[in-house]
K.L.:
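What follows is a structure written as structure tokens; I'll ask about it next.
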Amino acid sequence: MPENLPNVPELLRTAVRSLGGAERPQQLTMASAVAHSIDTGEHLAVQAGTGTGKSLAYLVPSLRHAVESGKTVIVSTATIALQRQLIDRDMPRLAEALEDSLGRRPHFAILKGRNNYLCMNKVHAGLAEEPPADELFDAFAVSRLGREVQRLTEWSSDTESGDRDDLVPGVSDRAWRQVSVTARECLGKSRCPVGEDCFAERARTEASQVDVVVTNHALLAIDAITGATILPQHDVVVIDEAHELVDRVTNVATAELAASTISAAARRCAKLVEEQDVDRLEAAAEGWASLLEALPPQRWEVLPHGAAPALAAVRDAAWSLRMAIGPSRPGMALSDPEAAAARNTALAAVEEVHDSAVRVLSAFDEPDPAKRHDVVWLSADENRGSVRRVVRMAPLSVGGLLRSRLFAESTVVLTSATLTVGGAFDGLAVNWGLPAESSAIDPPEAPAEARAVMATGYEAPSDAGTVKWNALDVGSPFDHARAGIIYIAKHLPPPGRDGLAPAYLDEIAELVEAAGGRTLGLFSSMRAAKAASEAMRDRLDTPILCQGDDSTGTLVRTFAADESTSLFGTLSLWQGVDVPGASLSLVILDRIPFPRPDDPLLAARQKAVDSRGGNGFLSVAANHAALLLAQGVGRLLRSADDKGVVAVLDPRLATARYAGYLRASLPPFWETSDPQVVRKALGRIRDSRP
């Protein structure tokens with residue numbers, strides 16, 4: 001074990017000098033707080049604005065701890081883009097910069113879920129799945145699938161990682177499933193004939209021998225939910241993009257049951273069991289389909305009439321098939337790998353169907369909806385002109401899971417540019433499963449209005465005293481009041497349900513024209529984004545790009561390369577665009593991004609908070625809107641020299657009773673509602689560009 005390692009401030013200074021950067025007090029404050037958290041075992045939530053250099057601020061103390069203790073640190077992100085930044089740029093440069101100071105070169109690796117890697121057994125066995133029913137008569141879809149699978153087969157001989165993200169250009173999900181397996185379908189390293197060459201196992205082995213493992217929130221959730229040992233043993237977890245944690249964990253914990261899924265599971269068993277067993281599950285699938293066709297898409301407060309016997313038929317038929325398949329024969333995987341793989345795939349399919357049916361049936365055991373573990377709803381999903389009716393189950397809350405499986409097991413550091421809601425950390429903390437009042441380090445002063453409405457209705461955990469966490473807002477290196485303006489168009493009518501009103505289109509045209517292009521338009525729906533794009537193309541001489549015209553990455557690169565170009569889009573652009581410099585001086589938001597009122601999960605969560613005496617609207621809908629609003633506003637200033645305007649066309653941000661609560665979540669821009677002032681400011685910025 002190395003002795004007398006330099007302290008974190010010294011290591012950070014060494015890293016910054018080596019990387020050619022400038023020392024930033026916010027970065028040093030954050031790094032010191034992360035080091036203190038690791039030393040004391042107290043959890044930490046850090047809000048660090050764009051330009052802070054937060055990756056370095058948590059990587060430096062993490063590497064020091066890993067080298068000194070010999071224990072692995074897990075770094076989890078929400079997006080592939082940040083994973084690539086950490087693995088391809090930040091970690092290699094930092095490892096080189098700190099090698100002498102730490103006494104050895106730190107090691108790092110990336111780890112993803114098993115289905116992100118090629119399965120060589122499946123490639124060699126040629127275990128192709130039957131195309132979906134809607135593709136059987138589509139020659140183009142079938143031929144495209146064949147071309148993609150052929151390309152994947154050829155790539156399997158060249159790739160060293162087997163990682164889907166290393167395949168450029170990529171392939172469809174349908175094609176990737178032909179050459180990958182889930183954890184349930186996998187034969188296991190010892191039983192697989194190509195187990196020694198397994199890409200997923202190789203990645204896990206590499207991850208078990210490094211100082212820092214970079215993974216994603218989904219795999220972190222799977223590791224916690226299943227209890228399977230996927231990630232290497234660790235004592236510290238850093239969660240970047242922590243504002244996404246609850247949604248990503250919820251997605252992993254969500255299951256579904258559709259008639260097509262049940263039928264597909266039956267077909268996978270056709271060659272393994274008697275025909276009557278398969279027919280029984282097919283009949284149960286038909287019964288489930290008939291029931292769902294007769295029901296409206298909505299959240300289920302109680303099991304609809306006829307659902308219990310239909311679900312029982314699915315459950316029992318799936319279990320009957322599971323038992324009919326029986327145990328595997330000793331040595332089967334090695335002597336007949338194709339048969340063993342087919343058996344595992346069939347077992348995984350029928351077990352998933354069985355478990356989903358049981359989950360729906362048991363979801364209503366608790367009579368009080370506010371106390372149930374799961375929310376259940378029926379969706380009607382449109383795809384290629386057809387409608388797929390599916391029942392989904394999602395946890396009402398993931399706080400208990402995170403508390404018992406994450407915070408109780410490791411020291412956790414959570415960070416993002418947007419963690420405070422209404423000026424406080426508590427809104428996210430209770431969703432993470434932490435007690436609502438942290439020990440704040442220089443806490444930001446929230447408006448009285450915001451503090452008054454932070455009651456969530458969630459009861460503090462009974463053993464709250466055993467969970468200690470600190471909150472820290474290190475601020476931003478940007479002078480928001482000098483660099484940016486937030487313009488709230490109070491004179492516009494409130495947004496309606498019938499698309500963008502003419503007054504909104506007029507406002508957009510005047511703003512984009514004043515900015516000379518250089519506009520990122522963030523819309524609450526694709527319908528609104530397309531309508532605005534079409535209208536602006538008719539009115540303006542500057543180019544307008546719209547999400548969906550090309551891949552998002554290509555559109556963002558085109559937008560960044562031409563200062564006169566504007567880019568309009570929806571949800572993914574609210575968080576995924578990083579365009580510093582002259583190409584972006586105006587961000588337009590068409591409305592406050594509240595969740596859809598018919599969103600079954602968020603509506604159930606809101607109702608549950610209300611039933612506990614809290615404010616469900618503020619705790620769920622307003623919190624959701626505030627985080628997304630802050631992410632959208634954060635697109636404007638991406639470097640120290642950036643200047644510009646955020647224009648919010650929704651007058652409710654100034655006039656509604658909750659307006660102060662939402663604005664308390666935003667950076668301290670200079671604020672105005674005067675359109676003349678804003679157009680003149682945009683003109684000055686435009687004319688000052690070289």
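As the structure is a prediction and not an experimental result, all values here were calculated from the model. When a residue number appears, it is its place in the shown sequence, counting from 1.
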K.L.:
Checking S619 against Q606: is there a side-chain donor and acceptor pair closer than 3.5 Å?
P.N.:
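The answer is no; no qualifying pair exists.
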
K.L.:
Quiz question: by atom type and distance under 3.5 Å, do the side chains of H243 and S416 form a donor-acceptor pair?
P.N.:
yes

K.L.:
Can you tell me which residue pairs pass the ring pair (Phe, Tyr, Trp, His ring centres under 6.0 Å) test with a partner in residues 280-317, sequence neighbours excluded?
P.N.:
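Qualifying pairs: none.
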
K.L.:
Which is it for F594 and H624 under the ring pair (Phe, Tyr, Trp, His ring centres under 6.0 Å) test, yes or no, and what are the steps along the way?
P.N.:
CA-CA 7 Å; F594 286 116; H624 177 279; 8.7 Å; no

K.L.:
For D166 and S161, which I'm curious about, is there any donor-acceptor pair between the side chains at under 3.5 Å?
P.N.:
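Their side chains do contain a donor-acceptor pair, which is all the 3.5 Å distance test asks for.
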
K.L.:
Should we say atom CD of Q547 is surrounded by more than 12 heavy atoms from elsewhere, each under 6.0 Å from it?
P.N.:
yes

K.L.:
Would you give me the side-chain donor-acceptor pairs under 3.5 Å for residues 244-259, sequence neighbours excluded?
P.N.:
{"residue": "E244", "atom": "OE2", "partner": "Q575", "partner atom": "NE2", "Å": "3.4"}
{"residue": "R248", "atom": "NH1", "partner": "A78", "partner atom": "O", "Å": "2.6"}
{"residue": "T250", "atom": "OG1", "partner": "V246", "partner atom": "O", "Å": "2.7"}
{"residue": "T250", "atom": "OG1", "partner": "R605", "partner atom": "NH2", "Å": "3.2"}
{"residue": "N251", "atom": "ND2", "partner": "D247", "partner atom": "O", "Å": "3.4"}
{"residue": "T254", "atom": "OG1", "partner": "T250", "partner atom": "O", "Å": "2.7"}
{"residue": "E256", "atom": "OE1", "partner": "R392", "partner atom": "NE", "Å": "3.3"}
{"residue": "E256", "atom": "OE1", "partner": "R392", "partner atom": "NH2", "Å": "3.4"}
{"residue": "E256", "atom": "OE2", "partner": "R388", "partner atom": "NH1", "Å": "3.3"}
{"residue": "E256", "atom": "OE2", "partner": "R388", "partner atom": "NH2", "Å": "2.9"}

K.L.:
Can you confirm whether N121 sits close enough to P193 that some side-chain heavy atom of one is under 4.5 Å from a side-chain heavy atom of the other?
P.N.:
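A side-chain contact under 4.5 Å exists here.
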
K.L.:
For the residue pair W469 and F425, does the interplanar ring angle fall in the parallel (under 30°), tilted (30 to 60°) or perpendicular (over 60°) class?
P.N.:
perpendicular

K.L.:
D598 and R596: salt bridge (Lys or Arg N to Asp or Glu O under 4.0 Å), yes or no, with the steps?
P.N.:
CA-CA 5 Å; D598 59 352; R596 290 169 52 105; 2.7 Å; yes

K.L.:
May I ask you to decide whether R114 forms a salt bridge with E201, counting only side-chain N to carboxylate O separations under 4.0 Å?
P.N.:
yes

K.L.:
Taking atom NZ of K530 as the centre, does the number of heavy atoms from other residues, nucleotides or ligands within less than 6.0 Å exceed 12?
P.N.:
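No, not enclosed.
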
K.L.:
Would you tell me whether E185 and T345 have side-chain atoms, one donor and one acceptor, within less than 3.5 Å of each other?
P.N.:
no

K.L.:
Side-chain donor-acceptor pairs under 3.5 Å in residues 313-324, sequence neighbours left out?
P.N.:
{"residue": "R322", "atom": "NE", "partner": "E351", "partner atom": "OE2", "Å": "2.7"}

K.L.:
With a 6.0 Å cut-off (strictly less than), is the heavy-atom count around CD of Q276, excluding the residue itself, greater than 12?
P.N.:
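Yes, because the 6.0 Å sphere around CD of Q276 holds more than 12 heavy atoms from other groups.
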
